[in-house]
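As the structure is a computational prediction, the values presented were derived from the model and not from experiment. Computation of the quantities below employed the complete heavy-atom set of this structure, encompassing side-chain atoms and omitting hydrogens, waters and symmetry-equivalent molecules. We name chains A, B, ... by the order of the sequence lines, and we start the count at 1 in each one.
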Protein chains: 2
Amino acid sequence: MSTIKPAPSIEHADATVRAKRTRGGPKGLRITDVAAQAGVSPITVSRVFNNPESVAPETLERVRQVVQKLGYVPNRLAGGLSSARSRLVAAIVPTVSHSLFSETIQVFSETMSRAGYEVLLALSGYSASNEESLLDTVLSRRPEGVLLTGVAHTESLRGRLKNVGIPVVETWDMTDTPIDMLVGFSHYQIGVAVAGHFLARGARRPALISANDARALARRAGFRERLAQEGIEDVPEEQVAPPSSVAHGKRALPQLLARARDIDAVFCGSDLLAIGALGAARQMGVQVPSQLAICGFGDLEFATETTPQLTTVRVEGTRIGVNAARFLLDRLSGETSVAEPRALDVGFTIVTRESA
Amino acid sequence: MSTIKPAPSIEHADATVRAKRTRGGPKGLRITDVAAQAGVSPITVSRVFNNPESVAPETLERVRQVVQKLGYVPNRLAGGLSSARSRLVAAIVPTVSHSLFSETIQVFSETMSRAGYEVLLALSGYSASNEESLLDTVLSRRPEGVLLTGVAHTESLRGRLKNVGIPVVETWDMTDTPIDMLVGFSHYQIGVAVAGHFLARGARRPALISANDARALARRAGFRERLAQEGIEDVPEEQVAPPSSVAHGKRALPQLLARARDIDAVFCGSDLLAIGALGAARQMGVQVPSQLAICGFGDLEFATETTPQLTTVRVEGTRIGVNAARFLLDRLSGETSVAEPRALDVGFTIVTRESA
DNA sequence: CTGAAAGCGCTTACAG
DNA sequence: CTGAAAGCGCTTACAG
């Protein structure tokens, strides 16, 4: 038997109301608490946060004092629901531990937060199907804009995004048919350029070590295409699983050489792979770059300093991030409309260290 | 499709209601749209997403079909407001372009998202005041948990966080007085250990190149303390601004040598600084490690391969991320309570490449 | 297993 | 410059 008796003096109707009002327990401060203390209406408190110019200076000051004293922090879940403005943007990237993408995220995030937006980070790994289920999760937060990595998205993802109608920037790649806006560079052209670089240096038998994600495949296609123009059709390849690492490169080069010992140039999918390949070459007594030219991708700072034998491709990840943010912000502030699509090719540079 | 029929004649009173109802324009699908199509109530649709076991199999199937067909994505701003569960956790880190923190963020994010949480990323830079205003922004989203970097927070931030009552994990450092939970290691002990390592190798005149953020200062303190035990009080230092880079290290070493040309060991704040210092040493004709020992911090993969002359300190950023996530999740699932604070020291290892 | 009513904490659209 | 009323799209707490 229960020894606890409900307070008898409260009417039933009242008890019900009260029970409902407190569901979830006594939460934090609400805008009405601040309003009451400051002797104004909730709308005025709201204006203090969202439109301070429209509030009389003394009122502003008084409300701010109360906010400060109480430690009130507005609830943006409520604010966002009410105003249909979440002040949130989503960034969907394969990974953040690869320093190339993290540079982009860094400046993107800095730029967006300066403009009053916060960043919801979603890591997609390297699979497109994953990206799509992630998108739903992300869209449930009603972001006002989305940054996507790459241009290889499923049709249903593209359709969904177009349907939602929020600004979208695809990054780190190029295409003629972006979903909306675009900041990147052509992986295909990089492949072409690296092949050209190898050829100009006298290479006759170039090979490839790379992953098989969409962007790596585009570089591969450009690389092979350019070589085919010179009649080189047989290009030995070694595929590695992302994320790429020094260890992968170290393992891949000997395998490549075992299958084709006469290769004289290798295009690696990343600087880490290139460093690994360089290490393997050293162990096997192969001179780089005289016997074997090696080109990486990324132009990581440390590589420049420690491995002058390597060639690499520099891409400005920070420029991508800052411009992606600007594109989004321009659209969000109404400066540009969907009618004016925007695309920016930030390009790339082949960097040869010895000459630098 | 016969679904889109403009309702013909609406009474005026009704028109007003509609105007208010549509403020913000004709937004997306609502739960009521799905409910209507599926012939159930909105609550049932809600259950399909949040508590599917409580719904009859056929109902479940029918609702899911409609959701699929319509492309409905629930609004979590509304859901979070209503349930007081945002399903959001915040991660406040100085930067994400430094690969050490990004490793932590990567696995933290992966682990949290597997458990149904999304990550709000907040970059604080290296200033504590910045961190505090960031916290308010972050708290306005009503996250259910917070990951913090370091333990050096202002008192008001600590108080605020305790007040809010959500689980907090501090990371990448150690303290006896955590706000709540803790996963990290002792920077002071690292300083002690590196000094001990240098001494054991016969160094008599160790020096320091590092930033002056809280964690770097802790390493410095441990380093100096250990040296003081051997009577070495004068420790030449060069301070660099974060984020550290190869260029900084390259500039710092000559300055250090100009002031104290007899130094025989340098503890650098990061592997990048160490690589820069190594480059400068090479240019100056100083042999590493025989004439000058150099120790970095981070044990970055590429450094292991390309700069075997360097010693470094390995810290497992991924272990920090995964455990921080677990601590948070255990608390969120009610498996642990505030009454049982949790702290984990993941430790560190001094790595000497030549012996490896 | 399912639903009608009320409420989460804000902001919009008016009106004054 | 300020406020009263209504609504944003969900979920909770009941009841059946």
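When the side-chain contact (heavy atoms from CB on, under 4.5 Å) test is applied to A:Ser333, the partners found at least two apart in sequence or on another chain are A:Glu335. In this structure A:Phe101 satisfies the ring pair (Phe, Tyr, Trp, His ring centres under 6.0 Å) test together with A:His98, A:Trp172, sequence neighbours excluded. Residues satisfying the ring pair (Phe, Tyr, Trp, His ring centres under 6.0 Å) test with B:Phe327, not counting sequence neighbours, are none. Remark: A:Tyr72 pairs with A:Phe49 by the ring pair (Phe, Tyr, Trp, His ring centres under 6.0 Å) rule, at least two apart or across chains.
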Evaluation steps, side chain to side chain contact (heavy atoms under 4.5 Å, CB included), between A:Val169 and A:Asp180: CA-CA 6 Å; A:Val169 212; A:Asp180 181 8; over 6 Å; no

Audit row: A:Arg47, A:Glu53, salt bridge (charged side-chain N to carboxylate O under 4.0 Å, His left out) steps and yes/no: CA-CA 8 Å; A:Arg47 288 195 184 102; A:Glu53 314 81 53; over 6 Å; no

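Neither OP1 nor OP2 of C:dT11 sits under 4.0 Å from any side-chain N or O of A:Ser83. Taking 4.0 angstrom as the limit, B:Thr44 places a side-chain polar atom (N or O) nearer than this to OP1 or OP2 of C:dG3. At the phosphate of C:dC10, OP1 or OP2 sits under 4.0 Å from a side-chain N or O atom of A:Tyr72.
The CZ atom of B:Arg62 sits 14 Å away from the P atom of C:dC1 (whole-angstrom rounding). Rounded to whole angstrom, the span from the CG atom of B:Asn75 across to the P atom of C:dC8 amounts to 18 Å. Remark: P of D:dC8 and CD1 of B:Ile31 are 14 Å apart, rounded to the nearest angstrom. For the pair A:Leu77 CG and D:dC10 C1', the interatomic distance rounds to 11 Å; values are reported in whole Å. With rounding to whole Å, B:Arg30 atom CZ is found 13 Å from D:dG7 atom P. Across the protein-nucleic acid pair, B:Arg87 atom CZ and D:dT11 atom P stand 11 Å apart, rounded to whole Å. A:Arg141 places its CZ atom 22 Å from the P atom of D:dC8, with the value rounded to the nearest Å.
Checked for salt-bridge contact, B:Arg64 and B:Glu61 miss the test: no charged N lies under 4.0 Å from a carboxylate O. A:Arg87 and A:Glu118 are not joined by a salt bridge, as no carboxylate oxygen comes within less than 4.0 angstrom of a charged side-chain nitrogen.
The residue among B:Ala78 and B:Ser54 whose nearest nucleotide of DNA chain C is located toward the 5' end is B:Ser54. Heavy-atom distances to DNA chain D give each of A:Ile43 and B:Arg76 a nearest nucleotide, and the one nearer the 5′ end belongs to A:Ile43.
A donor N or O paired with an acceptor N or O is found under 3.5 Å between the base of C:dG7 and the side-chain atoms of B:Ser82.
A stem is defined here as three or more consecutive Watson-Crick or G-U pairs, each with both distances under 3.5 Å; for DNA chain D these stems are C:1-3 with D:14-16, C:5-12 with D:5-12, C:14-16 with D:1-3.
Counting non-hydrogen atoms of other residues, nucleotides and ligands closer than 6.0 Å to NZ of A:Lys162 gives a total above 12.
Within the 4.0 angstrom heavy-atom criterion, only backbone atoms of the sugar-phosphate kind lie near A:Thr59; the bases stay farther away.
Contacts between residues 45-53 of chain B and DNA chain D, defined by a heavy-atom separation below 4.0 Å, involve B:Ser46, B:Asn50, listed by number.
Here the side chain of A:Leu81 is nearest to one of C:dT2, D:dA4, D:dC8, namely D:dC8.
A side-chain donor from one of B:Gln106 and A:Thr95 sits under 3.5 Å from a side-chain acceptor of the other.
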